[in-house]
Amino acid sequence: MKIIMIGAGNLATSLAVALTDAGHDILQVYSRTMQSAQTLATIAGGAAVTDISQVRADADVYILSVKDDALPVLIPQLCRGREDKLFLHTAGSVSIDVFQGMALHYGVFYPMQTFSRQKRVSFEEIPCFIEGSGEEETAAIEALASQLSHRVYRLSSEARKYLHLSAVFACNFVNHCYAISAELLEKHGIPFDVMLPLIDETAAKVHQMSPKDAQTGPAVRYDENVIRAQSQLLKNNPLVKDIYDRMSMNIHRLSEEV
């Protein structure tokens, strides 16, 4: 298929590479800056453009991987004169309805993974969640996604909102906890890599048991002396102290649920 990428960020880069590896032709890469567009175009092929009016009208699929708030701005410009093409966005929290009235054929292709330009990922095991404006569109998106991943699921926009929220907790918030841990360690001359075996074992455990069953630590036991002492260590950082206190309370609450 002939594909045009709208956006050249982390997800767009990984997706464009996967599409190219699957034999698809990237005709153009659009980005607000020429440097970003050219960087991805060099990797995945196609021409780099920074003016949406320069985007070609002869592609089969237009994939938008941009910030959520850019979609309502770009979609009307992109769809105009190309209403019969297939348009997809890759956002976790944006409804399929963002295309309504702008195009005849549209949908969502949401790969649930954390992406970085510096690290190439294999799409084969990435869960990809799709939605189409009709059965024909859904089948076409499903066929395209299945060329990249073995794990393709149909999911409504309403359900996808909760999927994305869950991903924020499982990925972004967990990583922020790593950042807090690293900051605490650094202040006391301890390298963060001492945490890596603990992190790896915790992640490995949830492949074998539920996260609730894998939970350990003072909050599960509600060891008030330890919790109070650790909370006091954070007294000079009220925001992190509040995170610690509230997290401990919620861990204990979950541990008591049958």
Side-chain angles (χ1 to χ4, degrees), residues 10-11 14 90-93 108-116 119-131 145-146 148-188 190-235 237-258:
N10 294 335
L11 170 53
S14 294
T90 60
S93 294
V108 179
F109 175 24
Y110 172 53
M112 193 182 67
Q113 183 56 280
T114 176
F115 295 96
S116 299
K119 188 176 186 298
R120 183 166 178 176
V121 296
S122 170
F123 256 78
E124 291 184 359
E125 296 301 323
I126 294 176
C128 294
F129 298 87
I130 62 138
E131 184 181 13
S146 296
L148 309 184
S149 171
H150 300 313
R151 305 178 67 184
V152 178
Y153 308 90
R154 296 187 179 196
L155 195 69
S156 69
S157 288
E158 181 64 20
R160 184 166 28 86
K161 288 192 298 187
Y162 290 95
L163 175 75
H164 190 241
L165 173 61
S166 300
V168 167
F169 273 97
C171 176
N172 306 125
F173 285 2
V174 169
N175 191 70
H176 181 62
C177 288
Y178 296 160
I180 292 173
S181 173
E183 186 176 54
L184 289 168
L185 290 167
E186 183 180 3
K187 287 179 179 177
H188 297 277
I190 307 169
F192 179 70
D193 62 13
V194 301
M195 290 292 165
L196 297 181
L198 179 63
I199 290 169
D200 293 344
E201 177 60 20
T202 304
K205 282 203 296 186
V206 297
H207 285 264
Q208 307 296 328
M209 62 183 77
S210 73
K212 181 179 173 181
D213 289 339
Q215 189 74 60
T216 61
V220 171
R221 304 184 300 270
Y222 204 64
D223 189 332
E224 292 186 69
N225 290 333
V226 174
I227 292 171
R228 190 181 301 111
Q230 291 188 337
S231 181
Q232 275 300 107
L233 292 175
L234 298 168
K235 63 183 179 182
N237 192 335
L239 184 57
V240 174
K241 183 180 184 298
D242 188 50
I243 292 171
Y244 177 89
D245 292 341
R246 291 176 183 273
M247 191 85 76
S248 296
M249 289 172 57
N250 206 49
I251 289 171
H252 184 63
R253 179 187 65 81
L254 286 176
S255 73
E256 292 195 312
E257 289 185 355
V258 178

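Predicted model, so just to flag it, every value in this text is computed and none were measured. One-based numbering along the sequence shown.
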Exercise for review: Decide salt bridge (charged side-chain N to carboxylate O under 4.0 Å, His left out) for E201 and K205; before the verdict, give the C-alpha distance in whole Å, the side-chain angles of both, and the deciding distance to 0.1 Å.
Suggested key: CA-CA 6 Å; E201 177 60 20; K205 282 203 296 186; 5.7 Å; no
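- The two residues L254 and K212 come nearest to each other via the heavy atoms O-CE, 2.9 Å.
- Among residues two or more places apart in sequence or in another chain, the side-chain contact (heavy atoms from CB on, under 4.5 Å) test is passed with D242 by R246.
- Aromatic ring centroids of Y153 and Y110 lie 6.0 Å or more apart.
- Applying the side-chain contact (heavy atoms from CB on, under 4.5 Å) test to R154 and every residue at least two apart in sequence or in another chain returns I130, E135, T138, E142.
- Although no hydrogens or angles enter the test, the distance criterion places a donor-acceptor pair under 3.5 Å between the side chain of S156 and the main chain of A159.
- Side chain to side chain, S157 and R160 meet the donor-acceptor criterion of an N or O pair below 3.5 Å.
- Nearest heavy atoms, F123 versus S14: CE1-O, 3.6 Å.
- Inter-residue side-chain proximity for V108 and L155 is flagged as unmet; no heavy-atom pair is nearer than 4.5 Å.
- When the side-chain contact (heavy atoms from CB on, under 4.5 Å) test is applied to V174, the partners found at least two apart in sequence or on another chain are Y178.
- Closest non-hydrogen pair, P211 versus V206, comes out as CA-CG1, 4.0 Å.
- To the nearest 0.5 Å, the span separating CD on Q113 from OG on S122 amounts to 10.0 Å.
- With respect to Y244, the side-chain contact (heavy atoms from CB on, under 4.5 Å) criterion is satisfied by exactly one of I180, L233, L239, I227: I227.
- In plain terms, the two heavy atoms of E125 and H150 that are nearest each other are OE2-CD2, 3.7 Å.
- Judged purely by atom type and a 3.5 angstrom limit, S181 has no side-chain atom pairing as donor or acceptor with the backbone of C177.
- You'll find the side chain of K241 reaches within 4.5 Å of the side chain of Q232, heavy atoms only.
- A pairwise comparison of heavy atoms in S231 and D245 identifies OG-OD1, 2.8 Å as the closest pair.
- The shortest non-hydrogen separation linking P111 to L11 is CG-CD1, 3.8 Å.
- The backbone N or O of A219 sits less than 3.5 Å from a side-chain atom of H252, completing a donor-acceptor pair.
- Looking at F192 and I199, their side chains come closer than 4.5 Å, going by heavy atoms from C-beta outward.
- For the pair Q215/S255, no side-chain contact is recorded, criterion being any heavy-atom separation below 4.5 Å from C-beta on.
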